[in-house]
Each structure stands twice: as structure tokens, then as C-alpha cells.
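Worksheet for the structure shown next.
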Number of protein chains: 2
Amino acid sequence: MGLHADLREKLISDYGKLSPQMQKAARYILDHPNDVALRSMRALARAADVPPSTVTRLMTAIGVDTWQQFRDHYQNRLLDLPASYANRARETQNVSQDVDRDQHLLESIARTEIDNIDKAFGAELRGRTIDACAAIENARQVFVVGRGAAYPAAYQFAYAYRLFRDNVVLVDGRSGAFGDQLRGINRRDVMIAIGARPYIRDTVRAVDYARSQHCPVIAICDSDVAPIALDAMIKLIVSDKSQSFFQSFTAAVSLVQAIVALLVARGGQKALERIATAEEQLAAFDTYVEDPSPTRNS
Amino acid sequence: MGLHADLREKLISDYGKLSPQMQKAARYILDHPNDVALRSMRALARAADVPPSTVTRLMTAIGVDTWQQFRDHYQNRLLDLPASYANRARETQNVSQDVDRDQHLLESIARTEIDNIDKAFGAELRGRTIDACAAIENARQVFVVGRGAAYPAAYQFAYAYRLFRDNVVLVDGRSGAFGDQLRGINRRDVMIAIGARPYIRDTVRAVDYARSQHCPVIAICDSDVAPIALDAMIKLIVSDKSQSFFQSFTAAVSLVQAIVALLVARGGQKALERIATAEEQLAAFDTYVEDPSPTRNS
DNA sequence: AAAACGGCAAAACAATTGTTTCAAAATGTT
DNA sequence: AACATTTTGAAACAATTGTTTTGCCGTTTT
């Protein structure tokens, strides 16, 4: 019972007292518990980028004698997981109806969000997304506009894009008026405008100005007839359906990330090198805390 | 594609044509599919009471070349990740045409994003999300911290939350130092910290300071042992897996939106009235363009 | 009755597994 | 600076892995 009651909690509580390499292994295990259940110890060590002996040492450090026990624990956990549905049923019975309602609401939100993303990456939009990338690649300067709830998506794009290209302007109206940031915009540039109903006046004004200067517009919005989409070169219509009073910009954020990923993929080696340089700079500025390894997923 | 479409059906349909010993093995596999995923081939053979060679022969008989493939299939089934198979297949498939590659990359991104959101709304996290809401409701002041790529999620929360409550501070370090914005933080407040590897020093510092003032922390991050999660009251671990060099904060954004939606739902009529007031104010400020109808989705 | 055949398990195999050992490297202490 | 301690990764190991080969057994065919 209580012996290995919860191996994960043991791992977390002891984490601070472990040596750096063991922490690395422990962290990988905490983040990828299924790997313990399904893969071999050496494979796990490889994935966690530590020598096999570190894994062994980690096990003895947290009081597990053999990998066999360790693996068994995680296998049982994995087998019990599908049963968690039954657990939830039991839990929600005992507790008040409020919790039950909250659970259902969250489920419903999840479904809606997934649906939104699904549509954003639908067949029709994929082609236009690729077109948008081509336009961005050839642009002299990229202006990104998004206010209010759309601001996160705009920021996201600018932030990621800036890591490998420096010809982006995030038009947030913060530093000076809009006019300042849009100065010099012309037909060789491109503007990415993000927004949904209710349309914020500032964004519409920015788009109108861009069009008046013959700058093509990529509109990420909720309708073909949105003010910012009316004369756009490329329209990327994303669903912003939501369970709450507030429209969801999840799909827009996701789409914007995808555009950046696509640009990097098309940029090839050169783009990757630029990113490496940018990351080095950030590290040099002491932006990050420890952990020199780059963002790498298994 | 359809090659290994469903290995179990293949096993059933071919069952009659198999030799007696192979039937014995096939029958055991059909009855204990998890053994394939979790145990070794020899162990399976032992459990099924057949020699190891029979299992090998069975595999070739049903058109599977190697135990590795067989096991992978059952492991994916156990993880309920039918996508991963298609994933690998398609990725390793053709790198032929650029447009083709772009299309596939987008598809792959979509799957990953959906998977991330799915996990973020999984059974374990739903309960904790509700707990987080309760903590936020009872807090005197809500501080939201998120820098770099996590900033959109932090902004999103602050923006939406402010529409119906005014006790939120978005700690962006823009207006003055962190110290200014965190002044007076104490045990009756709550801090929502958002971040993923690589962890940005500012965010960690803010969390450390909050903890030193005994302010409970809700951590939205990528690991149980992330620096900002280490002593958090509530940990909301979201997957940030991504196809690109850049981790995806889509799930974090989505989760944050869900928290706001939940807070509104729990807030009842009063919250809705406050939102209406806020929207009227915005309209009065001439923020929106035409279209006076409030943000309401069907 | 002899030959041919398919089904079968034991043995053999190279590769990989989990674990231990050991010396170098890194770290902290005097 | 010199020592003691801890941390680390490469090598070594026996055991076990997935797979192939081998030869035996029982049935069928000629």
C-alpha cells in the first residue's frame, strides 16, 4: 500500500535533493510517464538524454530496488487510467451538483475548442495558409495588427517571427500613435490583421490605412464580410465559437503559430541558424533560468 | 494505409485458417491485448503456453513483419492515440513536393494542437481547474505573470477577467519594475504564473517573490517540476508539444479562457451584469465599429 | 511401405536488456 | 593549493530479448 503509494509524488518531493543529471531523468519521467510503462530502460535513458546508469541511480535514490518494480508501477497506472472514467462518475456523484456542472462545462468547452482548431486547419484554409506564407516571405515589411482579445494572437506571431526575421512590426499603438508605426507602409509590404466581432475601431482604421497605401492585407477573422476582410488579399476565416460570453481566439493563436512554423520549414537551414543565433542572444542576456537545452520534444 | 488498419479484425478473420498452435496464441492475444503492449514476446508466449517461435510465425502469418510493429500497434491502442500511427506514416512518407510537404505539415500541426488541448481538458486537469477557480474567486487580488511566449496567455486572462472583475493585475513589467506591480501581495491574494521551458528568469523571480510573501500560486506550465510549479498550490500541466522550434501555448491560452468561462458561470447573474456594463463602457468609448450587438454566440 | 510434407518445439544466434563496476571529472572543504 | 567527496559516463557483465535455424514427429500421398 503505502510503500510506493504514489511514485510520482515521491519523485516530485525529492526532486530538489537529486543531482542535476538525476533531475534531468526525473523530469523526463514526470513529463512522460507512459514511456516508463511502454519502453525499455535504455530507451528511456536515451530519450531523456542521460546514460543508463543515471536511471538506475535515480531508482535507488527514490527507494525503488529494480527497474522491474518501477515499470510495473507505471504499467498499472496506465491500465488504471481508462478506469478513471468510472472514478469520475463516482466522484461527481458524491460531490455537489455544482462541480458536476463545472465538469460538463469544461468538457463542452474542450469539444468546442477542438472543433474550432479542426476547422482552422481544414482543407480550404490550408491552401490559403500556404498562400499567406508565400506573401509574407516576399514582403519587405510585415505589419501585425490585433487589439483587444485579438492582441495575444498578434503578439504571438510577432514574437515568434522576430526570432528568425527582423522585418516585423507589431502595431499595438503602445509606442506612439498608429500613424507612427505604420509610417512608410506600401504595396511591397504586407499587413496581417487579426480581429473578430465586435470589431475594434483601431484595427479597422489600420487596415483601411494600409489599403489606402496599396498594402495587401492578410485577414485572420471570423467572417468573409468582416470589415477587416472586405478587400483583403487573403482571408483566413477561423471559428471563434465559445461557450462563454467571450469569443475564443484559440484557433487564431494556433493558426498564427502554424504560419510561423511553416515559414521556418520553408526557410530551411538559414531560418534555423537565425533562430539559434536569437536563442544564444537571449541566453546571453540572462533571460532564461538554467537549463541550456533548447526546446526539444520527443 | 489499410495495411494494419485493425490488427484485431485481421486476427479474427484469419483465425480459422491458422494452425492449432497459432490459434492458441491468437486466442490469447485477442483475450489479453494489453499483454502485447506491456510484456515481452517471450513472456507473452509463456503466458499463452506456446513456444516463442509460434508467436513469430503467427505474426508473419497475419502479415506483420516484426514484433516491434505488432507491439507498437497495441501500445498505441492502449494510449488511445490512433493518430500517432498515421503521424509517423505520413511524416516518413514523401518529401516529394513542397506544397505537399506544407500540407502535411499543417495536418500534423493540427493533430498535435488538438492533442494538446485534449490533454489540457483531461480528467485529471479538470478537477484542478475547478479548484483553481475556487481559489481565484476567494482571492483579494489576482496577479497574472507570463513573459515571452507565455505572455499572450497571461494577457488573454487579464483582458477577459477584467471585463467582470477589477481585482486583476497583469504583471508585465512594462509599467515600472516587477516590484512595483507586485507591491502588497500577500497570502490573501493569488498569483497565476504561466511559463514553459525555457523558463524566463523574470517569471521565476515573480513567483519566488509571491511565495516569499506567502501568496499561493497557480502554475500553468509544462512540468510538475518546472521552477514556477515547484511549490505551487495548484499545478495545471499543459502539453506544449509542437512541430516547430517553438513550443505551442495554444493549450495554455485555451485553458485560461476556460477558467474565465468557468468563473463567469459560477459568478451567475452578477457576473453577466458586470460584463454588460463593461461592454457598454467600451461602446461609449467608441471602441467598436458599428454592430452594437454584444458578443454572444449561439 | 516409402516418400513427401506441414506443423511443431528445441536449440542457436546476435542484439539488446538491466545492472554493476570503475576511473575520470566536477564539486566542495579545509 | 591540496584534499575529500560527490557526481558522472564509459565499459563490462550476465541475463533476456526477438528471430532464425534445425531436426523431429505425425499425417498424407504415392
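Every chain is numbered from 1 and lettered A, B, ... according to where its sequence line falls, protein lines coming before strand lines.
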Parallel, tilted or perpendicular for B:Y28 and B:H32, by the 30°/60° rule?
parallel

Measure the distance from NZ on B:K24 to P on C:dC8 and round it to the nearest whole Å.
10 Å

Any donor-acceptor pair under 3.5 Å linking the side-chain atoms of B:S242 with those of A:Q257?
no

Hey, are B:E113 and B:S248 close enough side-chain-wise for a donor-acceptor pair under 3.5 Å?
yes

Can you tell which of C:dC8, C:dC22, C:dG18 lies closest to the side chain of A:R57?
C:dC22

Here the distance between atom P of C:dT16 and atom CH2 of B:W67, to the nearest Å, is 17 Å

D:dC25 C1' sits how many Å from B:Q21 CD, rounded?
13 Å

Measure from CE on A:M22 to C1' on D:dT7 and round the result to the nearest Å.
8 Å

Mind telling me whether A:Y161 and A:F157 have parallel, tilted or perpendicular rings, with 30° and 60° as the class edges?
parallel

Rounded to whole angstroms, how far apart are CD on A:Q68 and C1' on D:dT17?
13 Å

Using atom CE of A:M59 as one end and atom C1' of C:dG18 as the other, report the distance to the nearest whole Å.
8 Å

Does the ring centre of A:Y159 sit less than 6.0 Å away from the ring centre of B:Y151?
no

Checking contacts here: which listed nucleotide (D:dT19, D:dT7, C:dG7) is nearest the side-chain heavy atoms of A:S19?
D:dT7

In whole angstroms, the gap separating P of C:dG18 from CD of A:Q69 amounts to 14 Å

For A:D72 and C:dG18, give me the distance from atom CG to atom P, rounded to whole Å.
12 Å

Strictly below 4.0 Å, heavy-atom distances to any atom of DNA chain C: list the hits from residues 35-56 of chain B, or just say none.
B:R42, B:P51, B:S53, B:T54

Let's go through B:V225 and A:Q23 carefully: what are the C-alpha distance in whole Å and the side-chain angles of both, what is the deciding distance for side chain to side chain contact (heavy atoms under 4.5 Å, CB included) to 0.1 Å, and is it a yes or a no?
CA-CA 9 Å; B:V225 290; A:Q23 286 191 2; over 6 Å; no

